[in-house]
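I have placed the structure first, in the form of structure tokens, so that the comments after it can refer back to it.
Just so you know, residue 1 is the first one in the sequence shown, and it goes up from there.
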Amino acid sequence: CAVEVPAPAAEAAEDVRELLRVIFEAGGFVTLKYAIENFGQEAVAKAQRLGYVKLDPLTMSLRLTELGMAALA
């Protein structure tokens with residue numbers, strides 16, 4: 001049974017899309033603490049797992065990736 005891979009925009013749940021939108025409006029990055037406090041650990045983990053955001057361990061911030069920007073389109 002073949003598994004159909006959804007398009008990035010279709011794959012992003014509403015909580016993840018909202019997180020991506022806020023990161024985009026903030027200039028492409030937000031602190032990890034802010035993201036978890038406002039969107040929850042599950043949304044942050046899901047966005048990271050899908051490759052929409054990348055964690056910078058040095059600054060503990062989330063950066064929007066090109067894939068994340070494509071999911072917003």
Side-chain angles (χ1 to χ4, degrees):
C1 103
V3 175
E4 189 176 322
V5 178
E11 195 174 311
E14 194 55 41
D15 56 345
V16 174
R17 285 182 59 83
E18 185 65 17
L19 170 62
L20 298 179
R21 188 185 62 74
V22 168
I23 295 173
F24 177 77
E25 290 176 355
F29 63 94
V30 296
T31 64
L32 179 61
K33 181 180 179 188
Y34 174 85
I36 290 174
E37 285 176 354
N38 290 279
F39 299 96
Q41 193 169 347
E42 189 175 319
V44 172
K46 197 183 311 177
Q48 199 173 2
R49 191 169 51 249
L50 293 170
Y52 296 157
V53 296
K54 186 171 182 142
L55 175 66
D56 179 352
L58 188 63
T59 61
M60 293 306 286
S61 62
L62 292 174
R63 184 172 48 82
L64 192 60
T65 64
E66 285 187 29
L67 191 58
M69 289 180 67
L72 280 172

**Study point:** Working for side chain to side chain contact (heavy atoms under 4.5 Å, CB included), residues Arg17 and Arg21
**Key:** CA-CA 6 Å; Arg17 285 182 59 83; Arg21 188 185 62 74; over 6 Å; no
Take Lys46 and Val16 through the side chain to side chain contact (heavy atoms under 4.5 Å, CB included) test and state the conclusion after the steps. CA-CA 7 Å; Lys46 197 183 311 177; Val16 174; 3.7 Å; yes
Here the gap from Glu25 atom CD to Leu64 atom CG, rounded to the nearest 0.5 Å, amounts to 11.0 Å
Q. Under the side chain to side chain contact (heavy atoms under 4.5 Å, CB included) criterion, do Asp56 and Phe29 qualify, and how do the steps go?
A. CA-CA 10 Å; Asp56 179 352; Phe29 63 94; over 6 Å; no
Practice problem: Determine, stepwise, if the pair Leu62 / Val44 fulfils side chain to side chain contact (heavy atoms under 4.5 Å, CB included). | Solution: CA-CA 9 Å; Leu62 292 174; Val44 172; 3.7 Å; yes
Treating Thr65 as the side-chain partner and Tyr52 as the backbone partner, does any N or O pair qualify as donor plus acceptor under 3.5 Å? yes
Note to self: More than 12 heavy atoms of other residues, nucleotides or ligands under 6.0 Å from CD of Glu42: yes or no?
What the structure shows: no
* **Side-chain touch Thr31/Met60, heavy atoms, less than 4.5 angstrom** => no
Nearest heavy-atom contact between Ala43 and Leu19 is O-CD2, 4.0 Å
Sequence neighbours left out, cut at 3.5 Å: what donor-acceptor pairs do the side chains of residues 66-73 make with other protein atoms?
none

